[in-house]
Every structure is written in structure tokens, then in C-alpha cells.
K.L.:
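Got a structure for you, questions after.
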Amino acid sequence: MQLKTIRIIAAVTILVLLGILFTQLYWVRHAVELREEQFNNKVRIALKTVVNHLYNYKTEKEVQDTSCFKACLLNERHIYQLVDSVKLDSLVQNELGCMRITRDYEYAVFNRHSKQFYMGRYGNYKRELLSSGFVVSLSCLHRSDDFVLSLYFPNLQGVMIRKMIGWVVLTASLMLVLFAISFYTVYGLFRQKRLSEMKNDFVNNMTHEFKTPISAVSLASEILLRPEINQKPEKVGRYAQLIYDENMRLKNQVENILQLAVLDRSDYNIKLKQLNAHDILTRQAHNFEIRLKEHNGSILLNLNAENPVIQADKVHLINVFNNLLDNAEKYSPEKPVIKIETRNNKRGLFVSIQDNGIGISRENQSLVFRKLYRVPTGNVHDVKGFGIGLYYVKKIVEAHQGHIHLHSELNKGSSFEIFLPFSAGTTS
């Protein structure tokens, strides 16, 4: 799949997810508004029913005592005679219960012009009751339109939110899961694309690494088959040595690939025994010094560790040092200077291998230990390899209960420092 296609898929996925998110937010808000509207309608119906009951009660009272009712109409102060506070309290409670409204409430009967309160249960909520949206006129009980019955529900918005919180949390959780799955899918596509490129690069490098020695062996063998070559022993020896060297090169490349397969299975055996790391480093440094002289380079040893003896697998330890030295040489194209330093702490040995090469950018430093990853080398096009070396080094060092750190700056070189404990199971 092309990178452009993956980016389009990622962009479309993000847009779809945002669309779903906004749709969900809209419907949650709409649901809250619908709940509020239903609640408001229930309260208004309850209030009107309360007033109807009060009207019926007033009518019954008229029949019983007409003179008292007429007197009451003449003076608004006699609202107490028209509305029984105990009955009002009972009616409000009953009607709200019928509407299944169980939350706390306050109510009052007051004059909307004089703002004088006559009865009710209002406490410190007078201001809220005066501005409440749940108000019904008592004009059917009194000739004046000034008297109203008002209801107020403290913390109404909070109650509404608490009722919807379960759905909101469920919606948010599902959206998070959906976002996570989508992110993982898109990330997987990019990762798969990157792995595909790395594998293609690996195959191309492997093909190149194999073709070169195979061509050299083929050419040398062809020359050795010529009759006149048998008369020149020095040339026979030279071409035989070439075939041997290129064959060893092929063998090493095959071993590198086999190492990768072994590391992936994690079934490699670590045979621990007492080793002097200084002896191994000195020997490897001598071998690399011959190669460095061809490029006017040098290798410096600062073996300062007082105790270089550790428990390690000799073969793997040599390979670890060889890989780090080989990297230092490959990425230091002009007059390479490699420094090897050792030091101790109370738990083990630190080995640092530093070069003056092209360095590694900050964004690539976290990737160099990945399988098949090769650092881009800019204008340096003759750096060979499969991207296995540092992956192998990290795996083996960790198998020894150690760790490795990289310090690098572009155009200023790199330094790899590994820690190896004196005995397995010890950490720094």
C-alpha cells in the first residue's frame, strides 16, 4: 500500500471519528434538553392540578358560606382564607409525587407586584422563587391577578446532569475505545509500511552483500581454471586466498542472518563463565587497528576499570564488541578515531566505545536498536549492513542482565556505553 493511500485513509478516519464525536455530543445535548422539557411540562401540569384542586376547595367553601367569600374578595389580605396552607402543602407534595418528581423543592404563594410572601416553604430561596420559571396564577381564586404559586428546585441542573451522567460516561467510554482502535489501526498501517520498507531494504542489502563475494569467487575460480595460471604459483595462491576470504565473508553474512532468526525465537543459549573483558577488548582493538590504518585511523584504549572480570558468554561478548567497533568504523568515513574506555561501579563493568563519525540525529536515536533499522547516512553511500548489529547487541547485553545507552550528536560522533554485571542477575 502506498504511503499516500495510508495518509488518505488516516485523514478520512480522523474526519469520520470527529463527525461521530460531534454527532454524539449533539444527541447527548438534545437528550438533556428533552429531559428538561419533559420535567418542565410535568411540573407545570402538577402546578395547574394543584390550582384546580384549590379552586374546587374554594367552590365548596363558597357554597357553605357565601358571605365569608364575598368578604374575602374585598380584601387581598384574606388570601389566607382562600388557600389553606396545610392543604396546599399536601396538594403540592401529592401532585409532584404523581408526576414521579421526587427531588427537593421549595414553594410559595406571593404577590408578584409587592413581592410579599404569604405562605409556603421557601426558607432562603425567596429570590429564586420570585424569578422561577415554574409559576401559576391564582386569579381563579382571587379577583386580583397579583397572587401566584411558585415552585423552585434547588440544584436542578446538577440533578439533570447526574441523571444523564451514566449515558455520558458510557458514550465517552465507547468513543475512547473507538478512537483507540482507530488509532491502533492507522498506526499499524504506518508501522506495516515502515516494516515493509525496512524488509525491502534488507533484501536489497542482502542481495548486494551476497552478489559481491559470489562474483569475486566466480571470477577467481574462472581464472584458476585457465591452464596458464597453473604455471604461476604466486597467482594461484593469491586467487585461492581471495576465494577463501570471500567465502568467509559469505559465511559471516549467513551467520548474521541466522543470528537474527535465533534472536527472534529468543532461544539462544548464554553460557556464562568468568572472563577478563580487558583481554577481549585488547585483542579486538588490535584486530581493528589493522583495518583502521588503511584509512589513517587509530584506536585508543583507556582501560580504567579496576576489576574487568565478569560472568559472560565469550562468543557473544566478542560479537557485541565487534559489532560496536564495526559500527564505529563504518560511520567514521574520514580518519576514524575510536576510543575504548572502561570503568567500574560496585555492581559491574561499564564499557564505552566512542567514535568521531557522522553521529545520529535525535529522532533516529530511539530507533537504532530496532530490528533491520539502518540509520540514514546522507552523502555516505558505501555503508553496508543488514540493520542487525545493534539489535543483536541490545538483545545479548539484556540477556546478560545489562543495558546499553547511546549518546550522539550529528557530525560529532557517537558513544555506546554498555553495562555488564559481575554476575548474572545483578543490575546497575
Side-chain angles (χ1 to χ4, degrees), residues 270 272 274-293 295 297-362 364-370 373 375 383 385 388-424 426-428:
I270 301 295
L272 299 176
Q274 295 286 102
L275 297 174
N276 188 316
H278 282 180
D279 291 344
I280 296 174
L281 286 168
T282 301
R283 191 178 306 112
Q284 299 309 117
H286 175 72
N287 293 338
F288 269 85
E289 191 173 17
I290 299 172
R291 293 165 54 177
L292 292 175
K293 284 182 178 179
H295 306 287
S298 61
I299 190 164
L300 306 176
L301 284 172
N302 293 318
L303 307 180
N304 300 318
E306 295 181 0
N307 182 10
V309 179
I310 58 174
Q311 280 192 341
D313 185 296
K314 184 175 182 180
V315 174
H316 283 300
L317 191 61
I318 291 173
N319 287 338
V320 165
F321 293 150
N322 273 343
N323 274 306
L324 293 177
L325 290 169
D326 189 54
N327 264 13
E329 180 201 5
K330 286 194 299 187
Y331 291 97
S332 302
E334 296 181 3
K335 295 183 179 180
V337 177
I338 300 174
K339 297 179 183 178
I340 302 176
E341 297 181 352
T342 64
R343 62 183 176 88
N344 281 127
N345 70 4
K346 62 182 180 180
R347 292 173 178 156
L349 176 70
F350 288 89
V351 179
S352 172
I353 297 179
Q354 180 180 349
D355 62 62
N356 63 335
I358 60 177
I360 302 171
S361 64
R362 186 175 299 275
N364 285 317
Q365 288 181 23
S366 60
L367 305 174
V368 293
F369 296 107
R370 291 187 179 181
Y373 185 82
V375 177
V383 177
I388 299 173
L390 292 178
Y391 173 72
Y392 170 82
V393 168
K394 186 173 187 293
K395 286 286 188 179
I396 294 302
V397 169
E398 289 177 348
H400 283 78
Q401 305 299 317
H403 54 72
I404 181 168
H405 292 294
L406 166 63
H407 306 278
S408 183
E409 289 185 48
L410 279 177
N411 303 317
K412 292 185 179 180
S414 302
S415 174
F416 290 89
E417 183 179 69
I418 63 174
F419 168 79
L420 297 167
F422 290 129
S423 59
T426 305
T427 57
S428 65

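For this chain, numbers begin at 1 and follow the sequence in order.
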K.L.:
Would you indicate whether the side-chain heavy atoms of R343 and E417 approach each other to under 4.5 Å?
P.N.:
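When only atoms from C-beta onward are counted, R343 and E417 do touch, with a gap below 4.5 Å.
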K.L.:
Check P308 against L349 and note the closest heavy-atom contact, atom names and distance.
P.N.:
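Looks like O-CD2, 4.1 Å.
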K.L.:
With sequence neighbours excluded, what pairs up with E329 under the salt bridge (Lys or Arg N to Asp or Glu O under 4.0 Å) test?
P.N.:
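Per chain and number, E329 pairs via salt bridge (Lys or Arg N to Asp or Glu O under 4.0 Å) with R291.
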K.L.:
When rounded to the nearest 0.5 angstrom, what distance separates CD in E289 from CG in L325?
P.N.:
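Between E289 CD and L325 CG, I get 11.5 Å after rounding to 0.5 Å.
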K.L.:
Between CG of L410 and CD1 of I360, what distance do you get to the nearest 0.5 Å?
P.N.:
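That separation rounds to 9.0 Å.
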K.L.:
Check whether any side-chain heavy atom of K339 lies under 4.5 Å from a side-chain heavy atom of N356, and answer yes or no.
P.N.:
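Not touching, per the 4.5 Å side-chain cut-off.
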K.L.:
Nearest heavy-atom pair of F422 and K346: which atoms, and what distance?
P.N.:
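F422 and K346 have their closest heavy atoms at CE1-O, 3.7 Å.
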K.L.:
Can you find a heavy atom in the side chain of F419 that is under 4.5 Å from one in the side chain of N345?
P.N.:
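The answer is yes; the side chains approach within 4.5 Å.
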K.L.:
Whether the N319 and Y392 side chains hold a donor-acceptor pair (N or O, under 3.5 Å, no angle test) is what I'd like checked.
P.N.:
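Their side chains do contain a donor-acceptor pair, which is all the 3.5 Å distance test asks for.
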K.L.:
Would you say N304 and E341 are linked by a side-chain donor-acceptor pair, where the criterion is simply a distance under 3.5 Å?
P.N.:
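No, no side-chain donor-acceptor contact under 3.5 Å.
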K.L.:
Side chains of F321 and V351, heavy atoms from C-beta outward: is any pair under 4.5 Å?
P.N.:
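Counting from C-beta outward, F321 and V351 do come under 4.5 Å.
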K.L.:
Taking all non-hydrogen atoms of both residues into account, name the closest pair between L390 and V368 and its distance.
P.N.:
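Heavy-atom minimum between the residues: CB-O, 3.5 Å.
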K.L.:
So, do R347 and P421 sit near enough that their side-chain heavy atoms are less than 4.5 Å apart?
P.N.:
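Heavy-atom side-chain distance check fails, nothing below 4.5 Å.
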K.L.:
Tell me whether the count of non-hydrogen atoms from other residues, nucleotides or ligands lying under 6.0 Å of CD in E409 goes above 12.
P.N.:
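No.
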K.L.:
From Q354 CD over to F416 CZ, what is the distance, rounded to the nearest 0.5 angstrom?
P.N.:
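Reported value, rounded in 0.5 Å steps: 11.5 Å.
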K.L.:
Indicate the atoms forming the closest heavy-atom contact of T342 with H278, along with that distance.
P.N.:
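That closest heavy-atom pairing would be OG1-NE2, 2.9 Å.
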K.L.:
Donor-acceptor check, side chain of S408 to backbone of G413, threshold 3.5 angstrom: yes or no?
P.N.:
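Present.
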K.L.:
Going from CG on L301 to CG on L281, what distance comes out if it is rounded to the nearest 0.5 angstrom?
P.N.:
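That separation rounds to 7.5 Å.
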K.L.:
Starting from the C-alpha separation in whole Å, work towards a yes-or-no answer on side chain to side chain contact (heavy atoms under 4.5 Å, CB included) for N327 and V393.
P.N.:
CA-CA 11 Å; N327 264 13; V393 168; over 6 Å; no
K.L.:
So do the side chains of Q274 and Q311 get within less than 4.5 Å of each other, counting heavy atoms only?
P.N.:
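Side-chain contact under 4.5 Å: yes.
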K.L.:
Could you state the interatomic distance from CG (L275) to CG (L317), rounded to the nearest 0.5 Å?
P.N.:
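It is 6.5 Å, given to the nearest 0.5 Å.
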K.L.:
Between H400 and L420, which heavy-atom pair has the shortest distance, and what is it?
P.N.:
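Minimum heavy-atom separation between H400 and L420: CB-CD2, 4.0 Å.
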K.L.:
Hey, are the side chains of V320 and I404 touching, using non-hydrogen atoms and a 4.5 Å cut-off?
P.N.:
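They are not in side-chain contact.
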K.L.:
Compare all side-chain heavy atoms of I418 with those of L324 and state whether any distance is below 4.5 angstrom.
P.N.:
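SC-SC contact between I418 and L324 confirmed.
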K.L.:
Atom CD1 in I280, atom NZ in K314: separation rounded to 0.5 Å?
P.N.:
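Separation between the atoms: 6.5 Å.
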